[in-house]
Trainee: 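Sharing a structure with you now.
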Amino acid sequence: MPDERWNELFSAIRSNRDRAILALAVSTAARASELLGLRGADLDWGDQLAQVRRKGSGVQQWLPASAESFVWLRLYLEELGPDTPVWWTLRRRERSGEVLERWPLTYEALRAVLRRANTALSTNWTMHDLRHTSALRMVRSQRLSLRDVQVILGHAHLTPRRFIWSRTTRKSSAGCINTSPNRQNRPKRR
């Protein structure tokens, strides 16, 4: 995802919660399920790290996050305790319809956040696109080795199916290293 598209997507997001989770996604390259499992105790505010439980193995891993993502987190988390889920949504009680209750944010609710932004922008971005964007930014920054990026992503191998992690690989017209031409411009699904 090119930076200008990221800026458009982020601008279309309406709440601090949603800004925080997307900022964490694009700065840590964590999977959506890993981010949804975060608890207050999984955040290291001083070193700006987020501890995730890896898909499949369940191994805990600290991932570096951007200062910006921690600003959005601070705005959102002011009232939450340290051992509760980080991500909440408000739902109406089914019977009365008047009282709002907090429920942990689900994967489907997170997808709805992106659906609303995608509708406003006529795009089709996914949480996985944010993971790839983060990985590409890490590679391009040249502050991390390819092995460091592999560890942060939790990949057993350096060459995932669709992306080639190399500073010398050609870039697509959308600004991403992508060997799958049908996903270059992410047209909206019908």
Side-chain angles (χ1 to χ4, degrees), residues 1-13 18-38 48-57 59 61-69 72 87 105 107-189:
M1 178 183 307
D3 287 343
E4 65 270 7
R5 298 294 168 249
W6 161 250
N7 292 337
E8 288 174 1
L9 175 63
F10 198 75
S11 296
I13 300 302
D18 299 344
R19 289 182 189 108
I21 198 167
L22 293 188
L24 267 177
V26 82
S27 72
T28 65
R31 295 171 178 92
S33 60
E34 294 166 348
L35 290 174
L36 290 170
L38 284 177
Q48 294 179 338
L49 300 170
Q51 182 178 232
V52 298
R53 281 141 200 86
R54 283 300 182 181
K55 173 184 162 188
S57 68
V59 171
Q61 181 180 0
W62 288 98
L63 301 176
S66 69
E68 179 185 11
S69 65
W72 291 110
W87 311 112
L105 187 68
Y107 183 74
E108 282 305 312
L110 179 57
R111 287 185 58 191
V113 167
L114 282 176
R115 261 195 313 274
R116 286 189 297 272
N118 281 329
T119 297
L121 299 171
S122 296
T123 58
N124 191 33
W125 299 112
T126 66
M127 288 298 293
H128 202 74
D129 290 323
L130 298 183
R131 178 172 162 78
H132 284 259
T133 298
S134 177
L136 289 168
R137 287 178 177 184
M138 289 178 205
V139 169
R140 289 180 184 156
S141 77
Q142 299 185 3
R143 288 187 235 147
L144 298 170
S145 71
L146 292 177
R147 174 70 179 137
D148 292 335
V149 174
Q150 176 187 353
V151 169
I152 289 169
L153 291 175
H155 283 179
H157 303 288
L158 198 56
T159 314
R161 285 179 248 145
R162 292 186 168 219
F163 279 70
I164 299 170
W165 305 111
S166 168
R167 290 182 178 94
T168 60
T169 303
R170 67 177 173 77
K171 296 178 186 174
S172 75
S173 62
C176 297
I177 300 170
N178 189 339
T179 60
S180 177
N182 63 338
R183 288 179 53 100
Q184 281 185 354
N185 296 321
R186 301 291 297 172
K188 187 174 181 177
R189 288 184 203 149

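Quick note: residue numbers are just sequence positions, from 1.
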Trainee: Can you sort out the partners of R19 under salt bridge (charged side-chain N to carboxylate O under 4.0 Å, His left out), two or more places apart, ordered by chain and number?
Mentor: none
Trainee: Who are the side-chain hydrogen bond (donor to acceptor under 3.5 Å, both in side chains) partners of Q61, not counting sequence neighbours?
Mentor: R54
Trainee: Holding to side-chain contact (heavy atoms from CB on, under 4.5 Å), I want the full list of residues that pass it with Y107, two or more places apart in sequence or in another chain.
Mentor: A32, L36, R111
Trainee: Can you find a heavy atom in the side chain of L114 that is under 4.5 Å from one in the side chain of L22?
Mentor: yes
Trainee: Within a strict 4.5 Å, meaning less than it, do heavy atoms of the R137 and V26 side chains meet?
Mentor: yes
Trainee: Among all residues two or more places apart in sequence or in another chain, which pass the side-chain contact (heavy atoms from CB on, under 4.5 Å) test with A25?
Mentor: L35, M127, L130
Trainee: Nearest 0.5 Å please: distance from the CG atom of D129 over to the CZ atom of R131.
Mentor: 12.0 Å
Trainee: Working to the nearest 0.5 angstrom, can you tell me the gap between D3 CG and T133 OG1?
Mentor: 8.5 Å
Trainee: Taking all atoms of both residues into account, what is the closest heavy-atom pair of Q51 and L38, and its distance?
Mentor: O-CD2, 3.0 Å
Trainee: For E68, enumerate each residue passing the salt bridge (charged side-chain N to carboxylate O under 4.0 Å, His left out) test, keeping only those at least two apart in sequence or located in another chain.
Mentor: none
Trainee: Would you check if V52 and R31 make a side-chain contact, meaning some heavy-atom pair closer than 4.5 Å?
Mentor: no
Trainee: Once side-chain hydrogen bond (donor to acceptor under 3.5 Å, both in side chains) is applied, do any residues pair with R53, and if so which ones, sequence neighbours excluded?
Mentor: D42
Trainee: Say whether, by atom type as modelled, one donor and one acceptor occur between the side chain of N118 and the main chain of W125 under 3.5 angstrom.
Mentor: yes
Trainee: Using a 4.5 Å cut-off on heavy atoms from C-beta on, say whether the side chain of R5 contacts that of F10.
Mentor: no
Trainee: Could I get the full list of side-chain contact (heavy atoms from CB on, under 4.5 Å) partners for A65, not counting sequence neighbours?
Mentor: L24, S27, T28, S69, F70
Trainee: Can you tell me how far apart CG (L153) and NE2 (H132) are? Round to the nearest 0.5 Å.
Mentor: 8.5 Å
Trainee: Report the residues that fulfil side-chain contact (heavy atoms from CB on, under 4.5 Å) with D148, sequence neighbours left out, ordered by chain and then residue number.
Mentor: L144, S145
Trainee: How long is the gap from CG on L63 to OG on S134, to the nearest 0.5 Å?
Mentor: 9.0 Å
